[in-house]
There are 2 protein chains.
Amino acid sequence: MAAFPEPPAHAGWLRTVAAEVRTFDRSSTAERVAELLRHRVIEGDLPPGTRLSEEQLVEVLHVSRNTLREAFRLLTHEGLLVHRLHRGVFVPELDEDDLVDLYRLRRTIECDVVRRLERLDPVRLRPLHDDVAAGEDAARRGDWVAVGTANMRFHQHLVALADSARIDETAARLLAELRLAFHTVAAPQRLYAPYVSRNRTLLDLLVTGETDRAAKELEVYLHDSEAQLVQAYRKRPRRNP
Amino acid sequence: MAAFPEPPAHAGWLRTVAAEVRTFDRSSTAERVAELLRHRVIEGDLPPGTRLSEEQLVEVLHVSRNTLREAFRLLTHEGLLVHRLHRGVFVPELDEDDLVDLYRLRRTIECDVVRRLERLDPVRLRPLHDDVAAGEDAARRGDWVAVGTANMRFHQHLVALADSARIDETAARLLAELRLAFHTVAAPQRLYAPYVSRNRTLLDLLVTGETDRAAKELEVYLHDSEAQLVQAYRKRPRRNP
DNA sequence: TCTAGAGAGTTGTTCAACAATCCCTCAAGA
DNA sequence: TCTTGAGGGATTGTTGAACAACTCTCTAGA
């Protein structure tokens, strides 16, 4: 996220220093708290509907209420928390309409990115290869959480081919929100499993440069994904039926 | 933005009360401050690059620093302000890359929305008719600020046809950021003028249901718009050349 | 069964203080 | 002349406490 000035090419060691500094602490307390909570939410440790009490979190995280609220805001903007006036912040409970909405925008962005691809340097597909391989590997191990992560990364890297910071950001938010939905259904394995091989198919089409076919395949892919998720959603266990 | 429970149909007068309350104070102080600043930024009263001093604004607006900072955060998320650690918030200075990026996402969303339109109820085009008329009227009067506003509303209403809250939100941010760019060029009239009639053309195609042609027209439209804006940008007056 | 109201608990907002950082200036040194 | 580094003023980052405003729940009373 943070933009650092590129060190001059001749100063090789500066590169590594810059890399270290980047990981160092160029962030505010609120951002670090947000990062911590973000993981909790994305990993599903905090189930949708959970209220995040200011009092409790201030105690646990050893930050002031103001700083905590700042972190809340950051996550609210990412769609990972919702804020209700005078009631606090909650992990969002997405309903079916949200799913449809999410997939609508997702199809718009992802398919359009693929459709507009041209003169693609094969090197740029490298991250996608890695993600597909990671997904296949995790599937073999039966590690479905890792499959989910690999899938998310695949799609994030896919839109990254567009070279647009704002598209990246929009997609990131989209995928994070979508991940919330997966946590509310009973058996995410069933949902992720088919897409391990479909990601491979998609990647093959990109390698051979068949972007139009890839775009169409992705369109169907996302429609199927949506349908399955919606179906799983209707059977989901709920606390307030 | 805020979702209110609909009053029961039989209680007619409640409707008007609800409408009043809506405008009343169903918002936090921070939101009201943000609304105030938002207008200043969008209208161009605060030129890009301006730093918004906490000290000064706290004095003028009679709110606490914390509340002000919360308002800053809201606007930062909308892309109307940028925040630099330990340096404060600034009105963003978009560069040419930002313009290209903005238009990239804009084409993706707007064209895709139009392309996917089907079975469109003519009633839903009503707001678009109004916006086009408002634009034409403002152009006749020579009120270019109003032309700009009408144009923005036209495009906002256009994507609204997709019925997607998240698409609306993304587009809103996009258009707001873009408006910043228009404030940095010398003669915005030249830029807005051609699109008064092009919006009309586009709308006509939607009325007759020729969505594919409309999508293609919009694609060209946005490319032209981008090219002109970039060109105007290169000639823009700058403080630090 | 419904309503009004009291009370507890939580969030919204403000304030004042201190810590951390940036930015400018200026002087010493190569 | 250019670079480097050390002040020092100004601004932002963070904290904790206090009070106001609001929601939610429960109960008394009609």
Side-chain angles (χ1 to χ4, degrees), chain A residues 1-5 7-8 11 14 17 21-22 24-37 46 49-77 81-92 239-240, chain B residues 1-5 7-8 10-11 14 18 21-22 24-37 46 49-76 81-92 239-240:
Chain A
M1 280 293 178
F4 276 78
L14 274 179
V17 172
V21 169
R22 211 166 316 200
F24 203 70
D25 204 332
R26 218 51 215 158
S27 64
S28 67
T29 310
E31 278 168 14
R32 270 171 286 142
V33 170
E35 177 63 23
L36 197 152
L37 294 176
L46 301 166
T50 307
R51 182 173 134 261
L52 279 66
S53 157
E54 293 188 358
E55 199 177 28
Q56 285 179 24
L57 286 171
V58 160
E59 178 98 12
V60 174
L61 300 173
H62 300 287
V63 295
S64 75
R65 263 181 79 207
N66 284 318
T67 303
L68 178 63
R69 288 163 67 86
E70 200 157 315
F72 280 169
R73 231 107 226 157
L74 292 170
L75 295 172
T76 298
H77 295 154
L81 294 178
V82 291
H83 178 208
R84 285 177 246 185
L85 200 60
H86 292 292
R87 283 194 258 169
V89 299
F90 300 78
V91 181
R239 64 199 103 249
N240 295 326
Chain B
M1 281 295 179
F4 277 78
H10 56 82
L14 274 180
V21 168
R22 209 166 316 198
F24 201 70
D25 205 332
R26 217 47 214 166
S27 63
S28 67
T29 310
E31 278 168 14
R32 272 171 284 139
V33 170
E35 177 63 24
L36 197 154
L37 293 176
L46 301 167
T50 307
R51 182 173 134 260
L52 279 67
S53 157
E54 292 188 358
E55 200 178 27
Q56 283 179 25
L57 286 171
V58 160
E59 179 99 10
V60 174
L61 300 173
H62 299 288
V63 295
S64 76
R65 267 180 75 207
N66 284 319
T67 304
L68 178 64
R69 288 162 66 88
E70 201 156 312
F72 280 169
R73 236 157 276 130
L74 291 171
L75 296 172
T76 298
L81 294 178
V82 291
H83 178 207
R84 286 177 246 185
L85 197 61
H86 293 293
R87 282 196 259 168
V89 299
F90 300 78
V91 181
R239 67 199 102 250
N240 296 326

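This one's a predicted model, so the numbers in the text were calculated from it and none came from an experiment. Throughout, protein chains are lettered first and strands after them, A, B, ... in sequence-line order, and every chain is numbered starting at 1.
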Dump the intermediate steps for side chain to side chain contact (heavy atoms under 4.5 Å, CB included) on A:Val91 and A:Leu81, then the final yes or no. CA-CA 5 Å; A:Val91 181; A:Leu81 294 178; 4.2 Å; yes
From B:Thr29 OG1 over to B:Leu68 CG, what is the distance, rounded to the nearest 0.5 angstrom?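 Here the rounded value is 11.5 Å.
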CG-OG distance between A:Leu74 and A:Ser28, expressed to the nearest 0.5 angstrom: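 One gets 7.0 Å once the value is rounded to the nearest 0.5 Å.
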Report the distance from atom [atom1] of [X] to atom [atom2] of [N], rounded to the nearest whole Å.
X       : N      : atom1 : atom2 : answer
A:Leu61 : D:dG16 : CG    : P     : 13 Å
B:Glu70 : D:dG13 : CD    : P     : 14 Å
A:Glu31 : D:dG13 : CD    : P     : 10 Å
B:Arg73 : D:dT14 : CZ    : P     : 9 Å
A:Leu74 : D:dG13 : CG    : P     : 12 Å
A:Gln56 : C:dT10 : CD    : P     : 8 Å
A:Asn66 : C:dT14 : CG    : P     : 11 Å
B:Leu68 : D:dT14 : CG    : P     : 16 Å

Does any donor atom in the side chain of B:His83 or B:Arg73 lie under 3.5 Å from an acceptor atom in the other side chain?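 There is no such pair between these side chains.
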Kindly determine whether B:Leu37 and B:Phe72 satisfy side chain to side chain contact (heavy atoms under 4.5 Å, CB included), including the steps that lead there. CA-CA 9 Å; B:Leu37 293 176; B:Phe72 280 169; 4.0 Å; yes
Show me the donor-acceptor pairs within less than 3.5 Å that the side chains of residues 54-63 of chain A make with the rest of the protein, sequence neighbours left out.
| residue | atom | partner | partner atom | Å |
| --- | --- | --- | --- | --- |
| A:Glu54 | OE1 | A:Arg65 | NE | 2.8 |
| A:Glu54 | OE1 | A:Arg65 | NH2 | 3.2 |
| A:Glu54 | OE2 | A:Arg69 | NH1 | 2.7 |

Can you check whether A:Thr67 has a side-chain N or O nearer than 4.0 Å to OP1 or OP2 of D:dT15?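 Indeed, a polar side-chain atom of A:Thr67 lies that close.
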Check the phosphate of C:dT13 against B:Thr29, side-chain N and O only, distance under 4.0 Å to OP1 or OP2. Yes or no?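 Yes.
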Nucleic acid footprint by protein, nucleotides 7-12 of chain D - heavy-atom cut-off 4.0 Å, B for base, S for sugar-phosphate alone: ----SB
